[in-house]
Structures are given as C-alpha cells and as structure tokens.
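Everything on this sheet refers to the single structure shown next.
No hydrogens, no waters, no symmetry mates; every other heavy atom, side chains included, goes into these values. Bear in mind the structure is a predicted one, so any value in this text is a computation, not a measurement. Below, chains carry the letters A, B, ... as their sequence lines are ordered, and counting in each starts from 1.
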There are 2 protein chains.
Amino acid sequence: MNSKIDQFDQKILQLLQQDARISHAEIGRQIHLSQPAVSERIKRLEAAQVIRAYRADINPKALGYQITAMIRLSTRQGRPYAQYVANCPEIIDCYTVTGEDGAVMRVLASDVEHLQRIINELNVFGSTSTAIVLTTHVAGKPITVPAID
Amino acid sequence: MNSKIDQFDQKILQLLQQDARISHAEIGRQIHLSQPAVSERIKRLEAAQVIRAYRADINPKALGYQITAMIRLSTRQGRPYAQYVANCPEIIDCYTVTGEDGAVMRVLASDVEHLQRIINELNVFGSTSTAIVLTTHVAGKPITVPAID
DNA sequence: GTTGAAACAGAAGTGCT
DNA sequence: AGCACTTCTGTTTCAAC
C-alpha cells in the first residue's frame with residue numbers, strides 16, 4: 001500500500017505534519033523539486049488518503065481544560081458506550097483494545113469535579129480505571145514510514 | 001485564560017479543527033463575519049497559543065502500519081525512558097500518569113514482529129502491558145470550550 | 001521530471017464607520 | 001470591535017521543453 005511512497009513523498013509528509021501551512025514552493029526548496037511537482041505529489045497523496053485531513057491543533061489548557069486523563073473502561077457484557085463516547089465532548093480519543101480493559105480513552109476536564117462527573121457517567125457502562133496525565137512527553141509525533149530492517 | 005474566547009472564536013476553532021484549509025472568507029460566511037474580522041481573530045488566537053499549529057493528519061495504514069497498540073510502562077526506579085521515547089519513531093504519544101503505570105503510550109507497528117521488538121526495547125526500562133487497538137471509535141475529536149454547568 | 005506565464009483564490013494591509 | 005476595498009502572495013493550470 002505504501003509501495004509508491006518514495007523519499008520525496010516521505011519528506012513532503014514530514015513537512016506537512018510539522019506545519020500544514022507550509023507553501024508548496026517552500027517544500028520544493030527544501031527537497032529540491034519544483035513547485036508544480038510538489039503540488040502534484042500532494043494531490044496524489046490526498047487522493048490516495050495518505051493525507052487524511054489538515055487540522056488545527058488547539059491547546060486544551062487555553063480553553064480551560066486543566067486536566068487530561070487516561071480512562072480504561074471494562075464494560076459489562078458489551079454495554080453500548082459507543083454512542084455516549086461519540087456525544088461526550090470531553091472524550092477526545094477512544095479505542096477498543098484487547099485484554100481486560102475493553103476500551104481506553106483520553107479525556108479532558110476543567111477540574112477534578114468535572115473529571116469526577118465524567119467518570120460517574122462512564123461507570124454506567126462498566127468499571128473504570130483512571131490515570132491523570134502528569135506530563136506529556138510527546139503527543140502526535142509526526143509519523144514516518146517503517147524502517148526496512 | 002479563556003475569558004476572551006467568545007462564540008465567534010469557538011465556531012472558528014471548531015471549523016479550523018475540522019479543516020485547517022478552510023478559507024477565512026468561508027469561515028466568515030458561516031459565522032456572518034467579514035474576512036478581515038475572521039483573519040484578525042485567528043491571528044489573535046494564534047498569538048495567544050490557543051491555536052498551537054496546523055498539522056496534516058496522516059493515515060498510518062497507508063504508510064504500512066497495520067497495528068496500533070496502547071502500551072503501559074511501569075518503570076523501575078525512574079529509569080530514563082524519556083530519551084528513548086523521543087527517538088523512537090513508532091511511539092507517537094507518551095504520557096506519564098498517576099497510579100501503578102508510570103507511563104502510557106500509543107505505538108504504531110507494521111506487524112506483530114515489529115510490535116514485539118518495540119516491547120522488548122521498552123522492557124529495558126520496566127515492565128510493560130500491551131493492548132492492541134481493535135477499533136478506533138474517535139481519534140482527535142475536535143475540542144470545545146467546557147460547558148458552563 | 002523541468003521552466004515560465006496567465007488566471008484565480010486567499011490573506012494581509014489600508015482607511016473608514 | 002466591525003466592514004469595504006486594494007494589494008500581494010500562493011496555488012493552479014496551461015503551455016513548451
């Protein structure tokens with residue numbers, strides 16, 4: 001599936017992950033390719049859904065979220081938490097995973113009371129285990145093609 | 001800190017999270033404001049670091065990553081895993097959290113052998129607990145200002 | 001793949017209410 | 001704060017190579 005992604009494409013993807021607003025001409029300067037060539041490659045990568053979207057990265061603290069938490073949810077007999085998750089604005093990531101915990105989610109809360117309310121609501125669907133984020137070492141690190149080793 | 005973020009700003013942030021490439025004029029159309037007014041607000045939000053960056057969202061599968069895993073790491077007497085995490089391209093998120101597990105990370109791997117290698121490397125720093133992602137319900141949901149309740 | 005030109009869209013600056 | 005208008009930058013599309 002990535003057979004057609006060469007070194008140029010990799011560099012383009014890296015630059016666009018660092019800054020989606022970089023101009024095609026500037027990319028061309030950095031990878032020694034002309035601006036139309038860069039534009040065409042980006043168009044291809046977008047069409048192939050390698051580039052899914054361009055998104056603004058918003059600082060949660062600036063919006064009043066003082067707490068980030070990782071909550072693991074062990075559902076009781078597959079209760080339908082999916083709809084709740086989709087409609088809860090504080091839950092920004094949610095994955096179902098293998099193992100004891102059916103789901104892992106990343107949650108934003110303005111304070112501990114707010115977090116408490118979310119946990120209480122999630123407890124309807126199963127038992128939860130909450131870990132409050134103390135430091136963020138990396139978040140959304142730009143992804144690269146797997147090394148061929 | 002979010003005292004100056006009004007309804008217009010909220011809508012602007014929502015639209016930019018959905019699509020960072022939407023034009024200021026189009027935003028203006030949707031919130032009934034002129035293009036310069038929108039541009040000025042965005043400039044303010046960028047300067048205040050409410051908008052941190054604009055990033056391309058890349059599809060990991062398209063780059064050859066078939067597996068996403070959540071790995072929890074219980075470090076032995078605070079071993080310095082931070083540097084390893086920073087330099088390991090497969091680890092795209094890493095948080096230190098409260099509780100038993102010192103760290104939680106999101107990891108990409110091309111296959112189970114690849115995942116195995118990463119886990120082995122992390123085991124140098126402590127004991128790991130790995131959960132493979134089966135389904136992604138939401139990832140990077142656009143964030144909104146906390147409801148005033 | 002390249003350069004160069006033309007057409008178009010979007011962002012930024014200016015002046016004014 | 002806001003808008004209308006102008007200018008400038010960047011993207012797109014085309015030609016020809």
Side-chain angles (χ1 to χ4, degrees), chain A residues 1-64 140 142-145 148, chain B residues 1-59 62-64 140 142-148:
Chain A
M1 197 170 184
N2 66 336
S3 51
K4 296 151 93 178
I5 295 174
D6 64 11
Q7 295 288 112
F8 287 122
D9 290 329
Q10 290 182 40
K11 200 84 201 333
I12 289 171
L13 292 175
Q14 184 200 317
L15 291 168
L16 286 175
Q17 283 182 95
Q18 284 168 22
D19 176 16
R21 298 237 153 155
I22 187 174
S23 77
H24 297 178
E26 178 57 30
I27 293 174
R29 245 165 264 135
Q30 296 196 30
I31 66 176
H32 308 293
L33 228 56
S34 70
Q35 177 265 311
V38 172
S39 296
E40 199 188 327
R41 280 169 177 272
I42 290 174
K43 211 170 164 183
R44 245 196 334 103
L45 291 166
E46 288 171 350
Q49 281 291 90
V50 176
I51 300 171
R52 276 209 212 98
Y54 301 94
R55 301 191 184 284
D57 174 20
I58 304 302
N59 183 357
K61 279 228 172 83
L63 293 195
I143 71 177
T144 56
V145 297
I148 25 95
Chain B
M1 198 176 184
N2 65 339
S3 51
K4 296 150 95 179
I5 295 174
D6 63 13
Q7 295 290 111
F8 286 122
D9 291 328
Q10 291 182 39
K11 201 83 200 338
I12 289 171
L13 292 176
Q14 184 201 316
L15 291 168
L16 286 175
Q17 284 181 94
Q18 285 169 19
D19 176 16
R21 296 234 153 157
I22 187 173
S23 75
H24 297 179
E26 178 57 30
I27 293 173
R29 243 165 266 133
Q30 295 197 30
I31 66 177
H32 308 293
L33 232 54
S34 71
Q35 175 261 309
V38 172
S39 296
E40 201 188 326
R41 279 169 177 272
I42 290 175
K43 210 170 166 185
R44 244 195 336 101
L45 291 166
E46 287 171 351
Q49 283 289 93
V50 177
I51 299 172
R52 277 207 210 99
Y54 300 93
R55 300 191 186 283
D57 174 21
I58 304 302
N59 183 357
L63 293 196
I143 70 177
T144 55
V145 297
I148 26 94

Mind running side-chain contact (heavy atoms from CB on, under 4.5 Å) on Leu16(A) and Ile27(A) for me, showing each step along the way?
CA-CA 9 Å; Leu16(A) 286 175; Ile27(A) 293 174; 4.1 Å; yes
Donor-acceptor pairs under 3.5 Å, side chain of residues 44-53 of chain A to any protein atom, not counting sequence neighbours: which ones?
unit_1	atom_1	unit_2	atom_2	d
Arg44(A)	NH2	Asp9(A)	OD2	3.3
Glu46(A)	OE2	Tyr54(A)	OH	2.6
Arg52(A)	NH1	Asp57(B)	OD1	3.1
Arg52(A)	NH1	Asp57(B)	OD2	3.4
Arg52(A)	NH2	Asn59(B)	OD1	3.4

Sugar-phosphate means primed atoms, P, OP1 and OP2; the rest is base. With that split, encode nucleotides 3-15 of chain D 5' to 3' as B, S or - using protein heavy atoms under 4.0 Å.
BBB----SSBS--
Could you list the residues that satisfy side chain to side chain donor-acceptor pair (under 3.5 Å) with [X], not counting sequence neighbours?
X        : result
Gln18(B) : none
Ser39(A) : His24(A), Gln35(A)
Gln14(B) : none

What is the minimum heavy-atom distance between Ala37(B) and Leu33(B), and which atoms define it?
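Reported closest heavy-atom pair: CB-CG, 3.9 Å.
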One pair to check against side-chain contact (heavy atoms from CB on, under 4.5 Å): Gln17(B) and Thr144(B). What are the steps and the verdict?
CA-CA 10 Å; Gln17(B) 284 181 94; Thr144(B) 55; over 6 Å; no
Bend across the helix from dG1(C)-dC17(D) to dT17(C)-dA1(D), to 10°, with axes taken over 5 pairs at each end?
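Its terminal axes enclose an angle near 10°.
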Terminal contacting nucleotides, 5' and 3', DNA chain C versus chain A (heavy atom, 4.0 Å)
dG1(C) to dT3(C)
With a 4.0 Å cut-off on heavy atoms, is Arg44(B) in touch with a base, just the backbone sugar-phosphate, or nothing at all?
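Since no nucleic acid heavy atom lies under 4.0 Å of Arg44(B), the category is nothing.
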Salt bridge (charged side-chain N to carboxylate O under 4.0 Å, His left out) against Arg21(B), all qualifying residues, sequence neighbours excluded
none
Could you pull out all residues at least two apart from Glu40(A) that satisfy salt bridge (charged side-chain N to carboxylate O under 4.0 Å, His left out)?
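Salt bridge (charged side-chain N to carboxylate O under 4.0 Å, His left out) check on Glu40(A) returns nothing, list empty.
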Taken in chain and number order and not counting sequence neighbours, the residues that satisfy side-chain contact (heavy atoms from CB on, under 4.5 Å) with Gln10(A) are Ile5(A), Gln7(A), Val145(A)
